[in-house]
Amino acid sequence: MRTPLPPSFYLRDAAIVARELLGAVLMHDDGAQVVSGRIIETEAYLGPHDPASHSAAGRTARTWHMFGPPGTAYVYFIYGMHWCVNAVTGDEGYGSAVLIRALAPLAGLEVMRARRPKARTDASLCDGPGKLCAALGITRAHDGLMLTGASPLTIYEGPPVPDDGVVIGPRIGISKAVDWPLRFCIAPQRQTSA
DNA sequence: ACGCGGATGGCCT
DNA sequence: GGCCATCCGCGTA
């Protein structure tokens, strides 16, 4: 779990990367605080042909970094309140990415609790795309950074998650392509195992 | 255990 | 003007 996932990891179909990111560790080190969690839920956004993908509307100021090189962080602001973080996948210029939807907290629990005072349990610190960005302190400042190392925001290799520990279903909170099976979760009973 | 609606702002039509 | 890749609190069972 010390090894950052390299750009070649992300140079694959978004659905494959979404599956393989389960178990990996997202860490934010701002120089003063280190906060991290294990990735337990992801969603794939396939590219311009995927009606639910931000890249379907073309490359705009907002979606600019979704078209960056594989391993880029694409961070966007939603509902006037929340940040969400993606890992860009596939070739540079294509526009596919994986939304990180939930983490299991690993390090920096005190910092997370201070950043999310409304969370009543440790599990609820990071169990949503907006929540995990708040808990880790991820904002627009991280949009466009590389997740592959030498950056405050990094994803590290984690233990393999077997297929029978993965649940696949439709994506959440979208209004187009609502039945595409592109949401990947670690089954609840497996989330705490190494 | 659900289901609903308000908060809140940037961006596209 | 309307639509969001959301979260939280309050209402009814």
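All chains are named by letter (A, B, ...) in the order of the sequence lines, taking the proteins before the strands, and each is independently numbered beginning at 1.
- Take A/Asp122 and apply the salt bridge (Lys or Arg N to Asp or Glu O under 4.0 Å) test, not counting sequence neighbours, and it matches A/Arg113.
- Remark: aromatic rings of A/His54 and A/Tyr76 are close, center separation under 6.0 Å.
- Stem regions for DNA chain B, each three or more consecutive Watson-Crick or G-U pairs with both distances under 3.5 Å and listed by first number, read B:1-7 with C:6-12, B:9-12 with C:1-4.
- Listed by chain and number, the residues in a salt bridge (Lys or Arg N to Asp or Glu O under 4.0 Å) with A/Arg120 amount to none (sequence neighbours excluded).
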**OP:** Heavy atoms under 4.0 Å is the rule here; annotate nucleotides 2-12 of chain C 5' to 3' with B where the base is hit, S where only the sugar-phosphate is, and - elsewhere.
**Re:** --BBBSSS---
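- In this structure, A/Ile16 places its CD1 atom where only 12 or fewer heavy-atom neighbours from other residues, nucleotides or ligands lie under 6.0 Å away.
- Applying the side chain to side chain donor-acceptor pair (under 3.5 Å) criterion to A/Ser96, with sequence neighbours excluded, gives A/Thr89.
- A cation-pi arrangement is present between A/Arg59 and A/Trp64 under the rule of less than 6.0 angstrom and at most 45 degrees off the ring axis.
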Counting only pairs under 3.5 Å, give me each side-chain donor-acceptor contact of residues 20-29 of chain A, with atom names and distances, residues two or more places apart or in other chains.
from	atom 1	to	atom 2	distance (Å)
A/His28	ND1	A/Leu136	O	2.5
A/Asp29	OD1	A/Gly31	N	2.9

